[in-house]
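Here the structure comes first, spelled out in structure tokens, and everything after it is commentary.
Labels below follow one simple rule: chain letters A, B, ... track the order of the sequence lines, proteins then strands, and each chain is numbered from 1. Below, each value reflects all heavy atoms present in this structure, side chains not excepted, and no hydrogens, waters or symmetry copies.
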Number of protein chains: 2
Amino acid sequence: MKAAARHLRIRELLESQEFVDQDVLCAELRASESSVRRDLITLESEGVLKRVYGGAMAMQPRDTALDFDWQSGRMAAEKRRIAALAATLVEDNQTVLLDGGSTVAAVATALLGRSLHVMTNSLAIAEVFRDARQIDVTLTGGYVYPRLRALLGPLCEQMISSITADVLIMGIGGITAEGFSNSNTLVVGPERKMIEAAHKVIVVADHTKFGRAAVTHLASLDVADVVVSDAELPQEHQALLRQHGIQLLLA
Amino acid sequence: MKAAARHLRIRELLESQEFVDQDVLCAELRASESSVRRDLITLESEGVLKRVYGGAMAMQPRDTALDFDWQSGRMAAEKRRIAALAATLVEDNQTVLLDGGSTVAAVATALLGRSLHVMTNSLAIAEVFRDARQIDVTLTGGYVYPRLRALLGPLCEQMISSITADVLIMGIGGITAEGFSNSNTLVVGPERKMIEAAHKVIVVADHTKFGRAAVTHLASLDVADVVVSDAELPQEHQALLRQHGIQLLLA
DNA sequence: GCTAATTTGATCGATTTTGATTGACTTTGA
DNA sequence: TCAAAGTCAATCAAAATCGATCAAATTAGC
């Protein structure tokens, strides 16, 4: 197995386990102890994991980006402004698909008090609407992924395939000319289904997400109808989106 | 097992139990007394636990699991006994369907620490397993019914129909000769599907549920394989169940 | 096809962790 | 109170892991 493939697989393993054993990695990756060790050194320098005696630990025990901390992050103010703007694009009584991104969680709070039908695969977002009596919430089923507090897997995708929504609001890990990408391999499956299920696709992403590709390619730029970002977004990226006929809104 | 993995497992165990025994840890972690002792010293210095003679205590009293209402109810002690007994009927690595009843939630806590695949339509129960790394949780999708914190409706039923489980543990509102009944009309739909999906049906109900019919008829007595109740259950009701070939266990 | 650069797997001494042992200490129960 | 059983801390040899090095294998560039 090639180095890049190994790195990907290690990241993937660390998404479902907090600790991976050296021996297990050697077997799983069909690579020598030395190679695995080098991989771990590389990934540690990238901040993906922390090396410990006999293996490696996942860097964040729970994915902070997608957990409840989203309110206190560094980009909190930007996110709130983006979220508020994105929320205005939703009309009352629409059916809204929300994915599990942290910016999307901010959109969810901005939607509180509206009259809507919300569908999501994120337990954290369902939690946001817990006391919102005006909002009907439907959860997709699926495997509960503890670190992301999201529902994933074939059952989830199958469920999303069987429904239709007026609008999808989706967070994203990276945006380049090649398209949208996400940092977590597992979430792209449901997200692709969500894109298919929604009449209108709104992507929310602060300017730091532009020009960089996250691990997993999600979809080409064409799938988005609207992108909501902040005013610091460089002109070149603005132009890129407009070339693809995407409506761009800056908070 | 490597040190890092052991530390994780110890933390995990302390989330579901206030106290862990030295011997139990040695067996669970497949490590020597010395190693376990060293682990405990490390974790104590990290403030995770407090070492006591013969084992270790959890540092902060686990809150999440305890402040759910079902533990403070009037029948709390009975429920815990019934739950503990019902939990013994589940074998490791089985797929277990859990409905959303309060007694079932008690069973869920009794299952913590086991190695299982759990499927449920209750958000409260999914919450119980939030930090149980040995337990895979799958949520059925569906409409989020805020008052019950459960997933219901056609999407939910459709999802349950598409799966199979080794055993179903179901709470019940009323038991009479006519069969099982439940107090909430909405939950019986998913429950009927669960009965179909499971190879073995275990009903948990304290003795107060016998001899009274709740609002909605759910199913005949024949669907149950085992009923777990408490010792105060009158003979006549015990006889009724046995007539239907149901195994009766009294906690 | 050939060469240079990179990646891989094996080896070895240094370091860390582990499990067994010993004697001192604590708890238990009569 | 005392003795027996259980637990603890300290020590040490054995085992496992690590980091560094180097030759072989693979890949990339020309």
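For the pair Tyr53(A) OH and dA15(D) P, the interatomic distance rounds to 14 Å; values are reported in whole Å. Between the P atom of dT21(C) and the CZ atom of Arg37(B) lies a distance of 15 Å, rounded to the nearest Å. Taking atom CG of residue Asp39(A) and atom P of nucleotide dT6(C), one finds them 17 Å apart after rounding to whole Å. Rounded to an integer number of Å, the gap from CG of Leu25(A) to P of dA16(D) is 18 Å. Put simply, CZ on Arg30(A) is 19 Å from C1' on dT26(D), counting in whole angstrom units. Straight-line distance from the NZ atom of Lys2(B) to the C1' atom of dT17(D): 8 Å, rounded to whole Å. Atom-to-atom, CD of Glu33(B) to C1' of dT21(C) comes out at 11 Å; the value is rounded to the nearest Å. Going from atom CD1 of Ile41(B) over to atom P of dG19(C) covers 15 Å, rounded to whole Å.
Within the structure, every side-chain polar atom (N or O) of Arg51(A) is placed at least 4.0 Å from both OP1 and OP2 of dC18(D). Between dC8(D) and Gln22(B), a contact under 4.0 Å exists linking OP1 or OP2 to a side-chain N or O.
A side-chain N or O of Glu191(A) and one of Asn182(A) form a donor-acceptor pair less than 3.5 Å apart. A donor-acceptor pair shorter than 3.5 Å cannot be found between the side chains of Asp92(B) and Ser115(B). Inspection of the His7(A) and Thr42(A) side chains reveals no N or O donor paired with an N or O acceptor under 3.5 Å.
Note on Val52(B): only backbone sugar-phosphate atoms sit closer than 4.0 angstrom, heavy atoms only; bases stay farther off.
Picking from dT8(C), dA10(D), dC8(D) the nucleotide with the shortest atom distance to the side chain of Ser34(B) gives dA10(D).
Ion pairing of Glu91(B) with Lys200(B) is absent here, as no side-chain N (NZ or NE/NH1/NH2) approaches a carboxylate O to less than 4.0 Å.
When each of Asp21(B) and Arg38(A) is assigned the nucleotide of DNA chain D with its nearest heavy atom, Asp21(B) is the one assigned upstream, toward the 5' end.
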